[in-house]
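Presented below is the structure to which this report refers.
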Amino acid sequence: MKLHEAERKLNEIANIKFKDLFTAEELQTIIVNKGKTGQLLELALGMKLSNKNRDFEDGELKTNKCDETGKPAETIFITQVSNMIDDLLQNKPFEETSLFEKIDNILYVPVCKVGEPTEWSFLESVHVNLNEERFFCLREQLHKDYDTICQLLNHHIETSKDGFIHTSNGKFIQIRSKDSKPYHPIYSNVYGREVSNKNHAFYFKKQFVGEIRRILGL
DNA sequence: CTAACTGGCAGCTCGCTCAG
DNA sequence: CTGAGCGAGCTGCCAGTTAG
């Protein structure tokens, strides 16, 4: 599925309460298993559930919990770090990383989760394409963030007590731990040893959402 | 005191592997 | 050939700590 097609479908179901969008049975699974919202959205859009690198043929779907005004409640998960750690430690050019591939064309869908799940709804989606002129400024900043984070990772490995990487912040994106037991250590070929005892991931910080809303005049 | 940050937990689907 | 088991990668949620 192409991103634009999903965007169109989404705008048809935006602002409709979940109780009018899903069956009681479907809603029940949301309540029992809170991690289900994103999957229900993908199904509502007629997509196949998968663990592939990109949700759309040409981009990525990101949902996030927020309030009625679209203000995000959480940072937004982007992608895991373990398989690209050496790209980062060698500061591979931003545009060539799988991180860039992951974020250069995003359909961001805020999910208003105030009150009971029956009262929740998808809000107006936001399409962020870093190749469009109006996002050049944002793209520049993300590039800077990327370079900063690459430096911070090396700095942590070389100077921290445990010799491991730790939370590293840019202005709009960050890297921090993301794993569950049993942990998945990150091995670096550059250093020839483990550089973390657990997996890490890229996240968009909340300021990122504020920035795209500002750019789009929302 | 409150909001943000940090580190962490858990559950889901897919594809791969391997025994039967 | 087939199905169970498992790892990888995805998702969302939250408690304790820190910063403003």
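Below, chains carry the letters A, B, ... as their sequence lines are ordered, and counting in each starts from 1.
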Quickly work out the Asp67(A) CG to dA3(B) P distance and round it to whole Å. 12 Å
Separation of Asn169(A) atom CG from dC5(B) atom P, in whole Å? 8 Å
Assign each of Lys198(A) and Lys206(A) to its nearest nucleotide of DNA chain B by heavy atoms, then name whichever residue's nucleotide is nearer the 5' end. Lys206(A)
Gap between atoms OH and P, on Tyr203(A) and dC13(C) respectively (whole Å): 13 Å
Less than 4.0 angstrom between a side-chain N/O of Thr79(A) and OP1 or OP2 of dC10(C), yes or no? yes
salt_bridge(Glu95(A), Arg139(A)) N-O dist < 4.0 Å: yes
Please list, one pair per line, the donor and acceptor atoms closer than 3.5 Å that link side chains of residues 171-178 of chain A to other protein atoms, with sequence neighbours excluded.
{"unit_1": "Gln174(A)", "atom_1": "OE1", "unit_2": "Arg176(A)", "atom_2": "NH1", "d": "3.2"}
{"unit_1": "Gln174(A)", "atom_1": "NE2", "unit_2": "Asn169(A)", "atom_2": "OD1", "d": "2.8"}
{"unit_1": "Arg176(A)", "atom_1": "NH1", "unit_2": "Thr75(A)", "atom_2": "OG1", "d": "2.9"}

Below 4.0 Å: OP1/OP2 of dT11(C) and any side-chain N or O of Lys62(A): yes
According to a strict under-4.0 Å criterion, is Gln207(A) in side-chain N/O contact with OP1 or OP2 of dA4(B)? no
Expressed in angstrom and rounded to an integer, what is the separation of Phe164(A) atom CZ from dG8(B) atom P? 12 Å
Ile186(A) atom CD1 is separated from dA8(C) atom C1', nearest whole Å, by 14 Å
Give the rounded distance in Å between these two atoms: CD1 of Ile76(A) and P of dC13(C). 13 Å
Between C1' of dG8(B) and CD1 of Ile165(A), the distance in whole Å: 15 Å
Atom-pair distance (CD1 on Ile175(A); C1' on dG8(B)), nearest Å: 17 Å
Donor-acceptor check, side chain of Asp104(A) to backbone of Leu130(A), threshold 3.5 angstrom: yes or no? no
Could I get the full list of ring pair (Phe, Tyr, Trp, His ring centres under 6.0 Å) partners for Phe202(A), not counting sequence neighbours? none
At less than 4.0 Å, is any side-chain N or O atom of Asn199(A) found next to OP1 or OP2 of dG9(C)? Yes or no. no
May I ask you to decide if Lys92(A)'s main-chain N or O and Tyr146(A)'s side chain share a donor-acceptor pair within less than 3.5 Å? yes
Can you say whether a donor on the side chain of Lys178(A) sits under 3.5 Å from an acceptor on the base of dT11(C), or the other way round? yes
Residue pair Arg176(A)/Gln80(A) against DNA chain C: nearer the 5' end by closest nucleotide is Gln80(A)
